[in-house]
Amino acid sequence: MRLFTSRIVLKTPPHFNFWRAVYSHGWCALPPFRVDKENDTFSRLLELKDGSLAHCALSDAADALSVSIQSEKRVSHADKEEIRTQLSECFRMEEDLSGFYREAKLYPRYRWIPAVGAGRLLRAPTVFEDAVKMICTTNCSWSLTEVMIKNLTLLVGKKFVDEVGSFPNANAIAGLSESFVRKHIRAGYRSPYLVELAERVAAGKLDAESWRTSELPTNELFKQVRSVKGIGEYAAGNLLKLLGRYDYLGLDSWVRAKFYELHKNGRRVSDKTIEKHYAPFGKWRGLFFWLEMTRDWYSHKFPF
DNA sequence: GCGTCCAGGTCTACC
DNA sequence: GGTAGACCTGGACGC
């Protein structure tokens with residue numbers, strides 16, 4: 001396949017920390033995201049509106065990201081704008097964290113957050129992809145999540161080059177049988193949940209993309225997210241963080257253990273106790289919580 | 001190599 | 001509203 005190359009520059013907002021955003025949570029290790037540790041780049045295979053694929057390798061530059069594009073076709077001006085938009089969504093360039101940073105500066109133990117520019121959580125170009133990935137993190141090891149997502153991109157997504165496929169859209173997953181998802185994606189009992197979610201989105205019965213701009217109160221939005229089968233308290237709480245709502249903690253076994261270690265000398269406490277601990281941080285509590293639990297990830301530059 | 005046990009969230013049925 | 005059991009997989013472990 002002949003590939004065309006081009007380059008764009010993506011302006012970044014004040015206090016933007018590229019690698020902090022990349023390593024903000026596990027998404028960077030799930031295809032079609034990829035970290036190239038040797039070349040210090042982070043890449044993403046994007047599917048554009050016309051169905052063509054664009055592989056974007058991002059590297060940090062002063063007040064900007066440099067994006068090297070490889071594509072199956074010549075990249076037009078409109079394509080470049082679409083690539084900018086999709087990558088801006090992933091890095092949440094439009095999200096205003098100034099209120100969060102003002103709050104963080106009030107607490108000595110959280111002043112490191114604005115100082116390093118942490119707080120921007122990486123997300124997929126679409127809510128649908130984030131939701132599918134979140135379901136695939138439930139009730140299993142991280143290695144199994146990696147298997148499921150890799151299988152989705154390679155077996156259902158569009159092939160770009162060997163071992164690199166795009167993330168399948170709702171139509172593609174809606175067209176799969178439950179048995180295929182069980183057998184080949186290895187999603188187990190999550191399979192009917194994934195197919196049902198894709199069918200609802202593909203049929204226009206669920207407008208998940210509108211969640212990012214929803215004006216609903218967070219508790220109402222939480223209920224909508226929870227209405228998706230397979231998305232429970234943990235998955236909904238974490239999906240809301242990717243929608244810019246940080247009112248829920250999204251507890252799972254790993255963060256509970258981390259909280260016990262950091263605050264209770266390893267002693268188990270109830271979820272209510274954890275929630276009470278972060279309640280004073282109001283609408284930012286989920287973000288304070290997550291950043292505190294993962295603070296040490298960045299001390300090893302490549303945690304995944 | 002095989003069998004058993006366990007961890008990991010969510011759903012459903014039941015109280 | 002709270003709880004028990006089922007769901008499925010990979011990994012650890014013992015044989």
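Here is how names work: the chains are called A, B, and so on, in the same order as the sequence lines, proteins then strands, and each is numbered from 1. The structure displayed is predicted, hence computed values, not measured ones.
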Going by an N to O cut-off under 4.0 Å, is there a salt bridge joining A/E95 and A/R120?
no
Separation of B/dA7 P from A/L251 CG (nearest whole Å):
19 Å
Residue-phosphate contact under 4.0 Å: A/R256 side-chain N/O, B/dA7 OP1/OP2:
no
Charged N to carboxylate O under 4.0 angstrom, A/R212 versus A/D130?
yes
So does A/S253 get a side-chain nitrogen or oxygen closer than 4.0 Å to the phosphate oxygens (OP1/OP2) of B/dG8?
yes
Measure CG/A/L197 against P/B/dC11 and give the value in whole Å, please.
12 Å
Donor-acceptor pair under 3.5 Å: do we get one between A/Y193's side chain and the base of B/dG9?
no
Indicate whether the side chain of A/S66 and that of A/R7 have a donor and an acceptor atom separated by less than 3.5 Å.
yes
Is the shortest side-chain N to carboxylate O distance from A/E220 to A/K223 below 4.0 Å?
yes
Give a yes or no on whether a salt bridge exists between A/R295 and A/E292, defined as a side-chain N under 4.0 angstrom from a carboxylate O.
no
Could you list where the contact with chain A starts and ends along DNA chain C, reading 5' to 3', using a 4.0 Å heavy-atom cut-off?
C/dC7 to C/dG11
Out of B/dC11, B/dG9, B/dT10, minimum distance to the side chain of A/D252 belongs to B/dG9
Starting from C1' on B/dT12, measure out to OH on A/Y189 and report it in whole angstrom.
14 Å
Begin from the C-alpha positions of A/D207 and A/R200 and carry the test salt bridge (charged side-chain N to carboxylate O under 4.0 Å, His left out) through to its verdict.
CA-CA 8 Å; A/D207 184 10; A/R200 287 178 66 192; over 6 Å; no
Starting from C1' on B/dG8, measure out to CD on A/E146 and report it in whole angstrom.
15 Å
Using ring pair (Phe, Tyr, Trp, His ring centres under 6.0 Å) as the criterion, point out the one residue from A/Y246, A/Y248, A/W211 that pairs with A/F222.
A/Y248
Rounding to a whole Å, what distance do you find between A/Y234:OH and B/dT10:P?
8 Å
Value in whole Å for how far the C1' atom of B/dT10 lies from CG of A/D271
15 Å
Whichever of A/K229 and A/W254 has its nearest DNA chain B nucleotide further upstream toward 5'
A/W254
Nearest-nucleotide 5' precedence on DNA chain C, A/R190 against A/S143:
A/R190
Taken to the nearest whole Å, CZ/A/R226 to P/B/dT10 is 7 Å
Round to a whole Å and report the spacing from CG of A/L194 to P of B/dG9.
17 Å
